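Small disclaimer: the values here were computed from a predicted structure and weren't measured. Chain A is the first sequence line, chain B the second, and so forth, proteins listed ahead of strands; every chain is numbered from 1.
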2 protein chains.
Amino acid sequence: METTSRLLERQGYHGTGLNQIVRESGAPRGSLYYYFPEGKEALVAAAIAEQGDRMRRFASTILSEIEDAVEAVDRVVERLIEFFSVSEHCGGAPLAAVALETSASSTRLRTTCADAYKGLIDAFAQKLTQAGYPLQQAQALATTVVASIEGAVILSRTQQSTSPMEQVRAALRTLLTQARAERQG
Amino acid sequence: METTSRLLERQGYHGTGLNQIVRESGAPRGSLYYYFPEGKEALVAAAIAEQGDRMRRFASTILSEIEDAVEAVDRVVERLIEFFSVSEHCGGAPLAAVALETSASSTRLRTTCADAYKGLIDAFAQKLTQAGYPLQQAQALATTVVASIEGAVILSRTQQSTSPMEQVRAALRTLLTQARAERQG
DNA sequence: GTCTATATAGAGATAGAC
DNA sequence: GTCTATCTCTATATAGAC
């Protein structure tokens, strides 16, 4: 499943074959349909759900370590940029490709992706709410944080540069600071 | 190529077969390799480039019709939300799936996507620059606009709801207004 | 320019031995 | 639980007639 997640991230659902997964993971070919009798879709759904959890924990951990909400979110983005740099410009958006490819064809994968994203958004929203942002605004800002990160990864991957992610990072600082000012004013 | 673009948008590169393209478009099967001797990759590259142009023209037209920059950008997003609603929750990010799937495997498709995105970002950056935003800030904001839209489409598609796009729309208003205030202050 | 037929490879999935 | 062999389907691409 680790291999599955990694391949999905850079090749998407249809671009990732079971043969390749078996080959690169070294997992026994015969076990695949023993543990996932429903086949590829079930395997991918499990991998996606696991990745969603990983993303949420990654964000939650950092958000809990830094008290100031703006600084905490900024630190998450900074860490993502670091991760992107060392992953040969391919990391940071493990769900996006699958979400786009399958949202129209597989309810199961679509909802799995939706749940994963919701968990991640909630992690940010919770932090912002605790920091005093009004509930509705916190939710919208959290959604925007996740959306702009996902989009920034797309741009950074196509350009093979961290520049888009850096630019979005700066913009998110401005946005969250501004929202805080409105709240306080 | 119209059919190709449409299928790419909702199925991605590997999920879209030449058979399906030929079948749904009604285009003569024999012509495909006459006009695109290099095969699928060349056809997709052409479709992507065309879509990039379409996106840029779409944005440029609206941006030129409304003088105020914040209102103009907001109108673009509003129109995208309308388009998303009537496209059975599958429209709005015609390049994203291909960009993610192929950025690691095909230099040709990656750079084609990069150029398309750059053209779109430039359209926004030009508008913001003309409105008086400093050059560097305009570039960063334009990148953030495009990134957050792409990300919002991903979220809206997985959730089958316009809500993420609406939330991002509101956030972009806040962001651009704040940046303007900083510039004026 | 467009047709049909086909080559070749790979996909996902299954069967039955062990 | 895991193996190998194989089924069927579809993929991209090509050949050669018209």
* Asked: OP1 or OP2 of C:dG1 less than 4.0 angstrom from a side-chain nitrogen or oxygen of B:Ser31, does that happen here?
  -> no
* Asked: A:His14 has an atom NE2; how far is it from atom C1' of D:dA11, in whole Å?
  -> 12 Å
* To do: Please report, rounded to the nearest Å, how far the C1' atom of D:dT12 is from the CZ atom of B:Arg29.
  => 10 Å
* A:Glu78 and A:Arg75: CA distance, side-chain angles, deciding distance, salt bridge (Lys or Arg N to Asp or Glu O under 4.0 Å) verdict -> CA-CA 5 Å; A:Glu78 188 186 25; A:Arg75 179 73 183 133; 2.6 Å; yes
* Look at B:Asp74 together with B:Arg79 and state whether they make a salt bridge at an N to O cut-off of under 4.0 Å. => no
* Contact residues, residues 2-13 of chain A to DNA chain C [heavy atom, < 4.0 Å] -> none
* Are the side chain of B:Ser31 and the backbone of B:Ala27 linked by a donor-acceptor contact shorter than 3.5 Å? -> no
* **Value in whole Å for how far the C1' atom of D:dT12 lies from CG of B:Leu32** => 10 Å
* To do: Could you tell me the separation between the OH atom of A:Tyr34 and the P atom of C:dA15, rounded to a whole number of Å?
  => 17 Å
* Is any NZ, NE, NH1 or NH2 atom of the basic residue among A:Asp68 and A:Arg180 found under 4.0 Å from an Asp or Glu carboxylate oxygen of the other? -> yes
* Compare the minimum distances between each of C:dC3, C:dT14, D:dT12 and the side chain of B:Pro28, then state the nucleotide with the smallest one. => C:dC3
* Going by an N to O cut-off under 4.0 Å, is there a salt bridge joining A:Glu38 and A:Arg108? -> yes
* In whole angstroms, how far is the C1' atom of D:dT10 from the NZ atom of B:Lys40? -> 12 Å
* Presence of salt bridge, B:Arg10 and A:Glu101, under 4.0 angstrom -> no
* Do A:Arg110 and B:Gln160 have side-chain N/O donor and acceptor atoms under 3.5 Å apart? -> yes
* Asked: C:dG1 C1' sits how many Å from B:Tyr35 OH, rounded?
  -> 7 Å
* Separation of B:Phe36 atom CZ from C:dG1 atom C1', in whole Å? -> 15 Å
* **Within residues 15-27 of chain A, residues whose heavy atoms come under 4.0 Å of DNA chain C** => A:Thr16, A:Gly17, A:Leu18, A:Asn19
* Asked: When you measure from the side chain of A:Arg157 to the backbone N and O of A:Cys90, does any donor-acceptor pair fall under 3.5 Å?
  -> yes
* To do: Using a strict cut-off of less than 4.0 Å between a Lys/Arg side-chain nitrogen and an Asp/Glu carboxylate oxygen, indicate whether A:Glu50 and A:Arg54 qualify as a salt bridge.
  => yes
